[in-house]
Amino acid sequence: MLLQSAVLPDAGWNYFLSIVAVSLYVSGTAVALSTLASLPVALAVGFGDFPGKRAVAAVINTGMGFPSVVVGLLVLLLVSNQGPLGELGLVFTPKAMILSQFVLATPVITSISLSAVESVGEDVRDAAFALGGTDADVALAVIKEARYGIVTAVLAGFGRAISEVGSILIVGGNIVYSDGTSYTRTLTTAITVEARQGRYEAGLVLGAALLALVLGVNWLGSWVRSRGRGRGSQ
Amino acid sequence: MSPPDRDDGVEQAARRREDSADSRRVAPARSTDERAPTLTADDIRYAYGDEPLFSAASLSVAPGEVLTVVGPSGAGKTTLLGLLGLFRPPDAGTVRWEGRDVWGRSDEERLAIRRRIGTVFQEPALFNESVARNVGYGLRVRSSWRDRLRDAAARAIGRTDPSDRVREALETVGLAEKADRNALSLSGGEAQRVAFARALAVEPDVLLLDEPTSNLDPRNTAVLEAVVAEAREAGLGVVVATHDMHQAERISDRVAVLLDGTVIETGPPEQVFDDPDDPRTRKFVTGELLY
Amino acid sequence: MPIQRRRFLQTAGVAATLGLAGCTGGDSTAQETTTTGQSADTGGGDIGDGELVLATTTSTYDTGLLDALHPPFEEAFGVTIKTLSKGTGASIRTARDGDADVILVHARGAEDKFLQDGHGVNRRDVMFNDFVVVGPSDDPAGIEGMDSATEAFATIADSGETFVSRGDDSGTNKKELNIWGQSDAEPSGQWYQQVGKGMGDTLVQTNQIGGYTLADRGTYLSMRDEIDLTILVQGPLQGGPTILKNPYGVIPVNPAKHDNVNYEAAMAYAGYLTSPRGQSIIDNYTANGSQLFFPNALSEEPNFGQYVPQGYSAEQAESLSKRDRQFLYWVDTQVPNDY
């Protein structure tokens with residue numbers, strides 16, 4: 001049922017694949033939601049001119065360093081049956097994990113998107129406006145110009161989410177069903193299980209899978225970027 | 001006024017070209033008084049914070065006319081063009097489109113008016129995509145979200161086919177063969193020509209040009225001055241901000257002198273440059289006035 | 001072995017397991033009556049929402065025992081078990097917050113507190129093994145063969161050899177602190193390292209630094225192949241001191257205190273663990289060729305002490321007038337005013 005060695009029996013494969021699926025589902029959903037939340041904030045802070053703008057940017061940058069276990073603890077208090085969101089029954093579910101990874105990834109994505117958006121010149125915004133663009137068109141044009149930076153931001157957010165263990169261990173509970181299918185166990189929390197039982201080889205297999213996943217996603221990101229830059233001769 | 005759909009726009013543009021050709025045969029271009037001005041600024045005031053830039057500046061441009069705004073740097077030429085381009089409202093005074101106050105109207109109406117105006121800046125400010133996509137941008141933002149989504153989907157599967165208007169606009173500036181190049185890979189002169197094509201592709205009634213050739217070599221400058229002349233022939237009203245007196249003399253029907261926070265004098269170039277009414281104009285033209 | 005009880009379980013489903021688990025919880029009697037009524041309706045299908053959240057110690061999980069115990073239960077009752085493996089202290093805290101339906105833990109003192117605060121009802125003894133003091137085979141502190149755990153601890157303290165403590169408020173950690181409290185030595189100084197990890201982790205870490213630690217026999221046996229530590233002081237299973245005993249209890253969370261818990265499934269689970277079937281699975285479970293846990297739920301002799309906090313005496317705690325007051329309280333809270 002648990003990974004016994006580098007060679008996986010049938011049940012081990014099911015266990016392994018379901019862990020990978022949960023990892024991707026939780027981190028992917030969290031990062032998608034974070035991106036949707038981050039881009040408007042990055043645009044507002046990047047272009048808006050309002051009092052306290054510097055303070056907001058400072059808070060976002062501080063958020064990048066949120067310790068994941070603290071976030072996990074706060075989210076647990078929030079979703080626990082005794083907490084304000086207890087009614088929703090989120091505790092020890094993938095949704096709670098998505099919530100905590102959302103909290104962790106959003107500052108990362110917002111902060112990097114913000115610098116990408118800020119690097120888009122005012123002249124580009126003026127050009128979009130002058131060509132008859134509405135405010136939405138101008139925002140879209142800026143996002144498009146900042147797209148490589150935003151891809152980097154999303155990848156950084158994904159990297160933070162998928163390799164994070166502290167918060168999802170606390171709010172997810174590291175649950176595997178008795179048929180060996182993961183419910184809230186991810187690659188990272190599975191590694192903690194293997195490590196605490198001294199099965200380092202199995203832990204390394206999971207670690208290699210995690211590494212391959214992160215490298216693969218980053219490779220995809222740099223491929224997207226190089227494809228974009230390669231268009232036309234520069 | 002609502003933006004015309006594609007077919008109408010082409011017909012209108014064709015009609016407008018015939019109209020202007022007729023009017024030029026009947027009336028000499030330099031006496032534009034018969035034609036009602038398209039875009040007008042009446043006694044507009046604008047200040048950056050506590051720093052007043054101009055207090056009561058007035059000017060107007062009519063179809064088939066090139067109006068040059070000259071003045072020392074810092075006089076507010078760029079800001080004035082920004083106010084004409086409806087980037088922001090003036091602090092006081094009125095900006096009119098075909099005689100009617102622009103800022104008193106609804107957002108939709110103002111957007112429609114704004115879409116009759118094309119602007120080119122000193123810097124080309126092209127988007128990081130192909131030349132054809134840059135030139136097509138104004139057309140895309142004028143199409144429905146549904147068409148835009150369809151366009152994005154077509155592009156995702158690799159089917160890109162610049163529209164006729166994009167091709168025409170690129171031919172006007174002589175860059176049709178660079179349609180597929182990335183815009184950021186162009187030279188400065190080519191980039192500015194693409195910026196012209198981008199503004200012309202939407203067939204505006206008024207063209208605002210802010211120091212359009214001040215960074216360019218003589219050859220590219222000549223190309224773009226020819227484009228301005230062509231736009232004038234086609235019946236567009238053109239406002240050019242420039243610090244180049246020779247250029248003003250070459251291309252203008254009228255010259256407006258922006259000095260001391262107001263338009264001190266407007267007239268045909270030979271009058272403004274050779275026989276100005278205001279003594280400050282003479283000093284500025286001869287270079288005595290130092291700012 | 002009470003044969004008539006086994007037949008009862010096999011034929012009667014949930015209502016029977018509720019009966020098996022016992023029903024003497026003082027303040028929960030009213031709730032239990034209604035629960036039993038409901039369970040007759042649901043029969044042997046999905047119970048509650050069909051999910052049971054079990055908070056348990058790392059030792060039951062890491063030894064693989066739960067992997068053997070849970071599939072037959074899930075099949076029989078149509079309930080999916082979600083296991084949180086986190087140490088006794090954390091498990092009890094999770095249950096106190098209403099985030100778990102049932103706990104399987106091994107720290108009688110903490111369990112009693114949990115019961116006394118009204119968070120748990122119907123505790124049952126499930127199984128036991130014992131703790132052992134383990135260390136490097138060359139035994140630099142010289143405790144091998146001692147028949148007193150407190151003396152062994154004091155000797156380690158005097159020698160200055162490293163002692164690794166779980167330091168995580170787990171059942172093992174509570175037991176360890178309990179032993180230090182009864183010994184002459186103070187667990188303080190560079191030699192005393194609290195790692196804040198589960199049993200497996202702690203054994204692995206102790207092995208790497210060549211120190212001593214207190215381990216439950218089950219986890220130690222299941223990990224014997226991964227580590228070089230040997231047993232230096234035996235627990236009561238091998239003639240060692242009884243202070244090293246390690247009994248496990250199962251406690252459903254009180255549905256009157258936490259109305260979201262799946263009490264029916266929790267009672268079914270408690271009933272299953274303490275049934276002849278569950279007990280025999282525990283009895284037959286081995287790792288590395290050794291039995292890890294010994295079932296103790298079934299006994300022909302009455303064992304009332306398992307249901308209530310240790311030292312609880314009905315005669316002393318409840319005067320006649322208190323019983324009267326309790327009855328009047330039930331009348332007050334359960335009988336409608338216009339009855």
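Throughout, protein chains are lettered first and strands after them, A, B, ... in sequence-line order, and every chain is numbered starting at 1.
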Which atoms of Lys197(C) approach chain A - backbone, side chain, both or neither, heavy atom under 4.5 Å: neither

Tyr269(C) (side chain) donor-acceptor with Val250(C) (main chain) under 3.5 angstrom: no

Pick from Asp225(C), Thr219(C), Val204(C), Asn207(C) with the largest number of heavy-atom pairs that fall under 4.5 Å of chain A: Val204(C)

Option from Thr186(A), Leu187(A), Leu206(A) for which side-chain contact (heavy atoms from CB on, under 4.5 Å) with Val20(A) holds: Leu187(A)

Please table the atom pairs, donor to acceptor, closer than 3.5 Å between any side-chain atom in residues 208-217 of chain A and protein atoms at least two apart or in another chain.
none

Chain A contact via Gln208(C) - which portion, at a heavy-atom distance below 4.5 Å: side chain

Main-chain N/O of Gly159(A) paired to Ser163(A) side chain as donor or acceptor, under 3.5 Å: yes

Side-chain (Asn284(C)) to main-chain (Ser280(C)) donor-acceptor, under 3.5 angstrom: yes

Residues of residues 82-99 of chain A contacting chain C, heavy-atom criterion under 4.5 Å, by residue number: Gln82(A), Val91(A), Phe92(A)

From Ile81(C) atom CD1 to Leu66(C) atom CG, the distance as rounded to the nearest 0.5 Å: 8.0 Å

Asn129(C) side chain to Leu292(C) backbone, donor-acceptor under 3.5 Å: yes

Residues of residues 87-104 of chain C contacting chain A, heavy-atom criterion under 4.5 Å, by residue number: Thr94(C), Arg96(C), Asp97(C), Gly98(C), Asp99(C)

Qualifying side-chain hydrogen bond (donor to acceptor under 3.5 Å, both in side chains) pairs with a residue from residues 58-78 of chain A, counting only residues at least two apart or across chains: Asn61(A)-Ser111(A)

Mutual orientation of the aromatic rings belonging to Tyr248(C) and Phe293(C) [parallel < 30°, tilted 30-60°, perpendicular > 60°]: perpendicular

Between Asn260(C), Val53(C), Thr80(C), Leu69(C), the one whose heavy-atom pairs under 4.5 Å with chain A are most numerous: Asn260(C)

Side-chain touch Val253(C)/Lys257(C), heavy atoms, less than 4.5 angstrom: no

Validation row: His106(C), Thr172(C) side chains within 4.5 angstrom (heavy atoms): yes

